[in-house]
Amino acid sequence: MVNTDLIPKYWYNIVPDLPKPLPPPRDPPDAEFSRIELLKKILPKEVLRQQFTIERFIKIPEEVRDRYAAIGRPTPLIRAKRLEEYLGTPAKIYFKYEGATPTGSHKINTAIPQAYFAYKEGVEHVVTETGAGQWGTAVALAASMYNMESTIFMVKVSYEQKPMRKTIMELYGGNVYPSPTDLTEFGRKVLKENPNHPGSLGIAMSEAIEYALTYGYRYLVGSVLDVVLLHQSVIGMEAIAQLEELGEEPDVLIGCVGGGSNFGGFVYPFIGAKKGKKYIAVGAAEVPKFSTGKYEYDFPDSAGLLPLVKMITLGKDYVPPSIYAGGLRYHGVAPSLSLLVREKIIEWREYGEEDIFEAAQLVMKTQGIVPAPETSHALRAVIDEALEAKKKNEKKVIVVNFSGHGLLDLGNYESIRKRIGSKK
Ligand SMILES: *Cc1c(COP(=O)(O)O)cnc(C)c1O
């Protein structure tokens, strides 16, 4: 039995501790409708309140802690001893293993409270969109935990290419539709223009929001918004307590960045507690937002239905190449994380597919865990830091947020293996 006392009682909100005020979300000038008003209609009220709160600590409802325990929180903090030995590094490496949750990634950490707050309002049905399926899977499970229905608009190409994801969502009780669908006006319009449209995240999201509005359901958000990073802070709060139990002082904290939720959720509590000397956010070289993105107001979604936020962005219309780390193809970086990167409190790295595949293989061979392609980006940085510590003979403690396992990504690994060859 794991010690569920280690599940935090509070989420940590970094907003009041930022070195500069966070530029607020806003409506575009001369907009034909207010995105902020739309947000108020589709989000559960408590989620909306938490999105805009400046309180530092927010109590996690007992009913949510209870569900966190039910998915196996606290997740394990694993010393990657075999990896250290293989690298010959004096550094200690720890994995905070979010792959241990039933849905295989951190996304369930925010799906549970969002579903809970919807349920508390008497809502019986929640709606969202999903690309590769990680987020949709988390929503389907969280909804079923509170006996609610869920409807998930899944981008049609993914629906066809990743049928196993659809199967899990349906086994959890979710209604999954390949988007564009004929269930919404927006979907019907897209299908009229092109009956074979492959779909996109923006279209799926537009459909999910329209569907929620039409039937009075609530819409759940997967990443980027402050409230999602807030819920994900359960990862970092737990890791701090686990490291304290071990008597370890962390030096380097590392995570991968899609929208920024697993990274922020893991690293922010350390920043707030003034723990750690170096924080490294890792993106994909194929989606070079840290190196080439602009820091400006942009839409967080390609459909342009959410309020503008100030962030590092490649532009909402940016079309990412089809890399396997689907979760890192997102065009922007969460506003608070963008600010901390701009203020140089957080460093960044970008790695290409070949580099991360090598890191993934090394972790598989030494530790046995198949990492998600997204997580493998962070692992590449872990290995580089550990090798640097070897060069300088430094005994530092490196902790990485292992955002998810890759057992449903084996098809992707097989394709990469064929393309770049298996490195022995
Ligand atoms: C979705 C996902 C990510 C990226 O999303 P963030 O919001 O940046 O955390 C990273 N890793 C895994 C395993 C994911 O499923």
Side-chain angles (χ1 to χ4, degrees), residues 75 95-111 114 128-141 154-155 158 162 165 168-169 201 220-236 254-268 280-284 287 289-290 300-301 309 311-313 320 323-338 340-341 346 348 350-351 356 359-360 363 369-381 400-410 412-413:
T75 53
F95 295 164
K96 176 62 174 159
Y97 188 42
E98 291 299 298
T101 63
T103 53
S105 85
H106 64 284
K107 291 202 172 69
I108 190 75
N109 300 331
T110 185
Q114 290 188 52
T128 200
E129 75 287 328
T130 197
Q134 287 273 16
W135 171 238
T137 306
V139 168
L141 177 59
M154 184 170 186
V155 177
S158 302
K162 304 204 164 184
R165 286 275 176 205
I168 299 186
M169 288 185 257
L201 212 51
L220 306 192
V221 193
S223 185
V224 191
L225 294 193
D226 301 309
V227 64
V228 179
L229 276 66
L230 171 78
H231 296 157
Q232 292 295 353
S233 69
V234 66
I235 306 171
I254 301 177
C256 65
V257 177
S261 74
N262 87 85
F263 181 89
F266 172 59
V267 166
Y268 289 0
I280 308 174
V282 189
V287 184
K289 49 193 175 188
F290 288 117
D301 59 305
V309 292
M311 63 176 177
I312 294 172
T313 176
I323 54 169
Y324 293 113
L328 304 192
R329 296 172 74 219
Y330 182 65
H331 65 275
V333 176
S336 54
L337 179 50
S338 294
L340 289 163
V341 167
I346 291 172
W348 59 264
E350 285 170 350
Y351 295 110
I356 68 112
V363 168
I369 307 175
V370 182
E374 291 85 355
T375 311
S376 303
H377 288 74
L379 295 171
R380 175 78 248 177
V400 62
N401 190 38
F402 204 114
S403 57
H405 73 61
L407 288 170
L408 288 170
D409 300 288
L410 290 178
N412 291 345
Y413 278 119

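The basis for the numbers below is simple: all heavy atoms, side chains too, and nothing from hydrogens, waters or symmetry mates. Just so you know, ligand 1 is whichever comes first in the structure, and atom 1 is the first atom listed for that ligand.
- For the residue pair S403/T375, the side-chain donor-acceptor check at 3.5 Å is satisfied.
- For the residue pair T75/E98, the side-chain donor-acceptor check at 3.5 Å is satisfied.
- A donor-acceptor contact under 3.5 angstrom links the side chains of Y268 and S336, judged on distance only.
- The residues lining ligand 1, counting any heavy atom closer than 4.0 Å, are S105, H106, K107, Q134, S223, C256, V257, G258, G259, G260, S261, N262, G327, A372, E374, S403, G404.
- Every residue two or more places apart in sequence or in another chain that forms a salt bridge (Lys or Arg N to Asp or Glu O under 4.0 Å) with K96 is listed here: E238.
- Side chain of E129 to main chain of M154: no donor-acceptor pair is present (N/O by atom type, distance under 3.5 Å, no hydrogens or angles).
- Nearest heavy atom pair, residue Y330 against residue G258, reads CD2-O, 3.7 Å.
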